[in-house]
Amino acid sequence: MPMETDELKARLKKLNARATQAKMDLHDLSEELPTNWESILQVAQRCHEAHAMLMDARQAAAAAGL
């Protein structure tokens, strides 16, 4: 059963905020290098996952005609 339009819009908004925050975390980390260099992979993985989930949700929204 397809997700309700309002649910899909809310999910997109939440995922967009999460992806934006992850992007900013990665940017902040890069600005601080070499401090905290050990966390590069963890922060980058979190950013990658957030953007992958956002892209999946955008594809679902497009398929639903949003």
Side-chain angles (χ1 to χ4, degrees):
M1 182 171 160
M3 208 181 268
E4 294 287 332
T5 301
D6 291 340
E7 290 175 7
L8 192 51
K9 287 180 182 179
R11 184 166 192 258
L12 277 170
K13 185 175 180 178
K14 181 179 176 181
L15 290 173
N16 190 54
R18 182 178 172 195
T20 299
Q21 183 60 54
K23 176 181 74 171
M24 293 307 299
D25 292 346
L26 189 59
H27 176 267
D28 291 347
L29 176 63
S30 72
E31 294 273 323
E32 297 168 359
L33 289 173
T35 303
N36 294 325
W37 69 269
E38 301 92 343
S39 63
I40 292 172
L41 290 177
Q42 180 185 21
V43 174
Q45 183 64 40
R46 191 170 59 242
C47 188
H48 181 272
E49 290 170 0
H51 280 85
M53 290 175 67
L54 177 59
M55 293 302 112
D56 288 346
R58 284 182 178 171
Q59 286 179 343
L66 295 181

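In this text, all values refer to a predicted model and were calculated from it rather than measured experimentally. For reference, positions follow the sequence shown, starting with 1.
- Between Leu8 and Ala57 the shortest heavy-atom distance is CD1-O, 4.4 Å.
- Side-chain N or O atoms of His51 include one that pairs as donor or acceptor with a backbone N or O of Cys47 at under 3.5 Å.
- For Gln42, the CD atom counts as loosely surrounded, since its 6.0 Å shell holds 12 or fewer non-hydrogen atoms of other residues, nucleotides or ligands.
- A single hydrophobic cluster is seen to contain both Leu33 and Val43, as judged by linkage of ILVMFWY side chains at heavy-atom distances under 4.5 Å, directly or through other members.
- Across Ile40 and Leu29, no two heavy atoms sit closer than the pair CA-CD2, 3.6 Å.
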Check against side chain to side chain contact (heavy atoms under 4.5 Å, CB included), Lys14 and Arg18: CA-CA 6 Å; Lys14 181 179 176 181; Arg18 182 178 172 195; 5.7 Å; no
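- The closest side-chain heavy-atom distance from Thr5 to Lys9 is below 4.5 Å.
- Atom OG1 of Thr20 and atom CG of Leu54 lie 8.0 Å apart (nearest 0.5 Å).
- Between His48 atom NE2 and Arg46 atom CZ the span is 14.0 Å, to the nearest 0.5 Å.
- Cluster annotation: Met53 is connected to Met55 through the hydrophobic network of ILVMFWY side chains, with a link wherever side-chain heavy atoms come within less than 4.5 Å.
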Step-by-step side chain to side chain contact (heavy atoms under 4.5 Å, CB included) determination, Gln59 to Asp56: CA-CA 5 Å; Gln59 286 179 343; Asp56 288 346; 4.2 Å; yes
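- Pairing each heavy atom of Arg58 with each of Asn16, the nearest pair is NH2-OD1, 3.6 Å.
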